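Following: one structure in structure tokens, then a few remarks.
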Amino acid sequence: MSPQSSVPCAPVVFVVFNRPDCTRRALERIRAARPGRLFVVCDGPRAGVADDAARVAEVRRIVEEGVDWPCRVEREYSEENLGCSRRPSSGFTWAFSQVEEAIILEDDCLPDPSFFSYCTELLARYRDDERVMHIGASNFLEGKWPLRTSYAFSRYNHSWGWATWRRAWQHFDIEARVWHDTATQRRVIASCQSADERGYWHSIFTEAAASPGAVSYWDFQWTLACWAVGGLAIYPSTNLVENIGWGADATHTQDSETRLHRPAERMPMPLTHPKTVRARAAFDLAAFHSVFMPATPLRARVTRVVQNFTARTRQARTR
């Protein structure tokens, strides 16, 4: 928590794996916030990857030695590798079986110190408002949509540093089974603002529901869970978290030149709040285009998903 804040930091879920440098840097930010409760979620080493076991062990050592403030530390360390779909999401479920709300940070997400105060305040403010399901920390609009308040409401729930409640996470399903319901499909797609948006998300959600064990993501299933019940996300006026995981060893962020690689900025305090809880169609369309339509690694990731799904569908039809 920032030294200026007298409100204790909300519980933090810290997801780590095999990147000691990223883990050390992110943990320093958590250490400065001094949460009273820390949930550490760590995957197991991958079979056949020579240095994975040593790197995972080093990450766990960094966490064990780095928590030197009064804090209740809970650990869920996998012996086997669950992957970047099931390991984070099952860790979140484990944490929310013990606490009602939490801030979530993965090892490659380096937050500005104000991130923790921002999340803690908004977790309390919207604790009982079931319309709000996600508190986001990323802003990819690059100043193209300035806000008069500290945040806006949006359908888009970016997950590079975020927070939520047990009441919201209970809707999550890694297998995206809600997508099999035709009425839900129609309602979700009807909420999109353009043909590009409709086509994009129909492909993503169809792939997630058709091959839940094969996909390498959990965040799109979280988007579906929120949209299926009409949930909203909080979208900050400034970008509060920098992703520091770019590189050849990353799963989804391998292009260091992408414009999604943005520095973390301070959120001015005290927060100024919107007068109404509602998303704006034009803002959401801008949020969609800022991340998913340009030629970015995330778009390339989706293109591969769609191509693989289409290929498997064609193969099935010819058998």
Side-chain angles (χ1 to χ4, degrees), residues 1-2 4-5 7 10 29 33 103-105 108-126 129 131-164 191-194 196-197 200-201 219 222-223 226-227 230-244 246 253 255-299:
M1 206 67 181
S2 126
Q4 291 79 21
S5 175
V7 179
R29 297 297 169 90
I103 298 168
I104 298 170
L105 200 64
D108 59 357
C109 296
L110 190 66
D112 180 85
S114 61
F115 162 78
F116 297 96
S117 298
Y118 160 85
C119 288
T120 297
E121 179 174 340
L122 294 179
L123 281 169
R125 183 179 181 88
Y126 296 103
D129 191 335
R131 296 172 295 178
V132 184
M133 296 181 66
H134 179 103
I135 300 167
S138 297
N139 183 317
F140 298 116
L141 291 172
E142 301 178 282
K144 295 176 181 177
W145 199 293
L147 298 173
R148 296 180 180 178
T149 53
S150 298
Y151 58 92
F153 291 98
S154 173
R155 293 167 60 249
Y156 280 96
N157 52 1
H158 305 308
S159 57
W160 290 354
W162 57 294
T164 193
S191 69
C192 297
Q193 305 298 319
S194 68
D196 282 341
E197 200 179 7
Y200 185 98
W201 290 111
D219 48 344
W222 173 231
T223 296
C226 293
W227 288 5
L232 297 176
I234 288 174
Y235 201 106
S237 60
T238 61
N239 185 58
L240 289 164
V241 174
E242 175 187 3
N243 190 299
I244 58 172
W246 306 93
T253 51
D255 182 358
S256 62
E257 299 303 317
T258 178
R259 61 191 184 83
L260 296 183
H261 187 182
R262 302 192 61 207
E265 304 167 306
R266 185 181 67 86
M267 172 62 73
M269 296 290 181
L271 296 180
T272 56
H273 306 282
K275 293 181 179 179
T276 58
V277 179
R278 66 181 180 87
R280 289 177 286 174
F283 183 91
D284 280 350
L285 191 58
F288 168 71
H289 281 282
S290 71
V291 174
F292 299 105
M293 288 309 294
T296 66
L298 292 181
R299 179 144 189 220

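The basis for the numbers below is simple: all heavy atoms, side chains too, and nothing from hydrogens, waters or symmetry mates. In this text the structure is predicted, and so the values were computed from the model without any measurement.
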Q: Supply the atom-to-atom distance Asn243 CG to Arg262 CZ, rounded to the nearest 0.5 angstrom.
A: 13.0 Å
Q) Taking all non-hydrogen atoms of both residues, which atom of Met133 and which atom of Thr164 are closest, and how far apart? A) O-OG1, 2.6 Å
Q: May I ask you to decide if the ring planes of Tyr151 and Tyr118 are parallel, tilted or perpendicular, using 30° and 60° as cut-offs?
A: perpendicular
**Q.** Side-chain (Gln193) to main-chain (Ser191) donor-acceptor, under 3.5 angstrom
**A.** yes
(Q) Rounded to the nearest 0.5 Å, what separates atom CG in Asp219 from atom CH2 in Trp160? (A) 10.0 Å
Q | Check: Leu271 and Leu122 side chains under 4.5 Å, non-hydrogen atoms | A | yes
Q) Which distance, rounded to the nearest 0.5 Å, do you find between the CD1 of Ile104 and the SG of Cys109? A) 11.0 Å
Q.
Looking at every non-hydrogen atom in both residues, tell me the closest pair between Ile135 and Leu123 and how far apart they are.
A. CD1-N, 3.5 Å
Q. Is Trp145 close to Arg280 at the side-chain level, that is, under 4.5 Å between some pair of heavy atoms?
A. yes
Q.
Can you classify the ring geometry of Phe288 versus Trp201 as parallel (below 30°), tilted (30 to 60°) or perpendicular (above 60°)?
A. tilted
Q: Check step by step if side chain to side chain contact (heavy atoms under 4.5 Å, CB included) holds for Phe153 and Val132.
A: CA-CA 8 Å; Phe153 291 98; Val132 184; 3.8 Å; yes
Q.
Return the OG to CG distance between Ser154 and Leu232, rounded to the nearest 0.5 Å.
A. 8.0 Å
Q) Does Thr120 reach the main-chain N or O of Ser117 with its side chain, forming a donor-acceptor pair under 3.5 Å? A) no
Q: Over all heavy atoms of both residues, which pair between Ala286 and Leu141 is shortest? Give the atoms and the distance, please.
A: O-CD2, 3.5 Å
Q | Set of residues satisfying salt bridge (Lys or Arg N to Asp or Glu O under 4.0 Å) with respect to Glu197, sequence neighbours excluded | A | Arg155
Q: Could you tell me which residues satisfy side chain to side chain donor-acceptor pair (under 3.5 Å) with Asp129, sequence neighbours excluded, listed by chain and number?
A: Arg131
Q | By side chain to side chain donor-acceptor pair (under 3.5 Å) - contacts of His134 (at least two apart) | A | Trp222
Q. Strictly by modelled atom types, are Asp196 and Ser194 linked by a side-chain donor-acceptor pair under 3.5 Å?
A. no
Q. Heavy-atom distance under 4.5 Å between the side chains of Tyr156 and Trp227, does that happen here?
A. yes
Considering only distance and modelled atom types, tabulate donor-acceptor pairs under 3.5 Å from the side chains of residues 233-241, sequence neighbours left out.
from, atom 1, to, atom 2, distance (Å)
Tyr235, OH, Phe140, N, 3.2
Ser237, OG, Ser150, O, 3.0
Asn239, OD1, Asn139, N, 3.1
Asn239, ND2, Val241, O, 3.0
Asn239, ND2, Pro263, O, 3.0

Q.
Is any side-chain heavy atom of Arg148 closer than 4.5 Å to one of Thr272?
A. no
Q) Arg266: what forms a side chain to side chain donor-acceptor pair (under 3.5 Å) with it, not counting sequence neighbours? A) none
Q | Under 3.5 Å: donor-acceptor pair, side chain of Arg29, backbone of Leu110 | A | no
Q | Spacing of His273 atom NE2 and Thr149 atom OG1 [to the nearest 0.5 Å] | A | 9.5 Å
Q. For the residue pair Leu105 and Gly161, what are the closest heavy atoms and their distance?
A. CD1-CA, 4.0 Å
Q: Could I get the full list of side chain to side chain donor-acceptor pair (under 3.5 Å) partners for Ser138, not counting sequence neighbours?
A: none
